[in-house]
Amino acid sequence: QLALVESGGGLVQPGGSLRLSCAASGFTFDYFAISWFRQSPVKEREGVASISKSGRETDYAGSVKGRFTISRDNAKNTVYLQMNNLKPEDTAVYYCAASKAPYSDYIPVLTEEYDYWGQGTQVTVSS
């Protein structure tokens, strides 16, 4: 059964860290670029970080650059998002999504390129 399952969310104080995981099953993970998105009640959905299927290329939103790191372990069919120095404005539901990539280092550009989405994990940054 095809699935993307996020985990690792929770409540953390400002300045704290969390590591999110996105576990894939039911499709050939190595063929797909993976991205993290987030959405909160006060903001539209935004792309946070992306990683190519090769793992060699990454891309980050300006608001998280230098604080978040995306990585992948193709042997485990899992992508990670390490989030450091968290801020209250990082509070959101975080989703991972998979896009079948035309070549190894491709980073998706459009939301419409994504084939599969997870159900999301809540991240709350609050004191």
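Just so it is clear, the structure is predicted and the values come from calculations on it, not from any experiment.
Proximity of Gln82 to Ser71: side-chain heavy atoms (C-beta onward) are nowhere separated by under 4.5 Å. Ser126 has its side chain out of reach of Pro88: every pair of non-hydrogen atoms, C-beta onward, lies at least 4.5 Å apart. Considering only heavy atoms from C-beta on, Lys53 stays 4.5 Å or farther from Ile34 through its side chain. Residues Thr69 and Leu81 have side chains not in contact (no heavy-atom distance under 4.5 Å, counting atoms from C-beta outward). The side-chain heavy atoms of Ser17 and Met83, taken from C-beta on, include no pair separated by under 4.5 Å.
When hydrophobic clusters are built by joining Ile, Leu, Val, Met, Phe, Trp and Tyr residues whose side-chain heavy atoms come closer than 4.5 Å, directly or via intermediates, Tyr31 is grouped together with Val79. Val42 and Val64 sit in two unconnected hydrophobic clusters of ILVMFWY residues. Membership requires side-chain heavy atoms under 4.5 Å apart, directly or through other members.
Residues Pro108 and Ala33 share a closest heavy-atom pair of CD-CB, 3.6 Å. When all heavy atoms of Cys22 and Leu4 are compared, the closest pair comes out as SG-CD2, 3.7 Å.
A donor-acceptor pair under 3.5 Å links the side-chain atoms of Ser99 to the main chain of Glu113, judged by distance alone. A donor-acceptor pair is defined here as one N or O able to donate and one able to accept, closer than 3.5 Å; such a pair exists between the side chain of Glu6 and the backbone of Cys96. With hydrogens and angles ignored, the 3.5 Å screen pairs a side-chain donor or acceptor of Thr78 with a backbone N or O of Lys76.
Interatomic distance, Asp115 CG to Leu2 CG, rounded to the nearest 0.5 Å: 9.5 Å. Atom OG1 of Thr124 is separated from atom CG of Leu86 by 10.5 Å, given to the nearest 0.5 angstrom. Distance check: Thr91 OG1 to Lys43 NZ gives 9.0 Å after rounding to the nearest 0.5 Å. Taking CH2 of Trp36 as the reference point, atom OG1 of Thr121 lies at 7.5 Å (rounded to 0.5 Å). Atoms CD1 and CG, from Ile70 and Asp59 in turn, are 9.5 Å apart once rounded to the nearest 0.5 Å.
Relative to the ring axis of Phe32, Arg72 does not place its NZ or CZ within 45° and under 6.0 Å from the centre.
Annotation for Leu11: hydrophobic cluster partners, listed by chain and number, are none (ILVMFWY side-chain heavy atoms under 4.5 Å, direct or chained). Cluster partners of Trp117, using a side-chain heavy-atom cutoff of under 4.5 Å among ILVMFWY residues and allowing indirect links, are Phe37, Val93, Tyr95, Tyr114. Other members of the cluster containing Tyr80 do not exist, because no ILVMFWY side chain is joined to it at under 4.5 Å.
Residues passing the side-chain contact (heavy atoms from CB on, under 4.5 Å) test with Ser52 are Ser54, Glu57, Asp105, Ile107, sequence neighbours excluded.
Sorted by first and then second residue, the salt bridge (Lys or Arg N to Asp or Glu O under 4.0 Å) pairs involving residues 13-23 (not counting sequence neighbours) form an empty list. Applying the salt bridge (Lys or Arg N to Asp or Glu O under 4.0 Å) test to every pair with at least one member in residues 84-103, sequence neighbours left out, gives these pairs: Arg38-Asp90, Arg67-Asp90.
When ring centroids are compared, Tyr60 and Phe68 stay outside the 6.0 Å threshold.
By the 30° and 60° cut-offs, the orientation of the rings of Phe29 relative to Phe27 is tilted.
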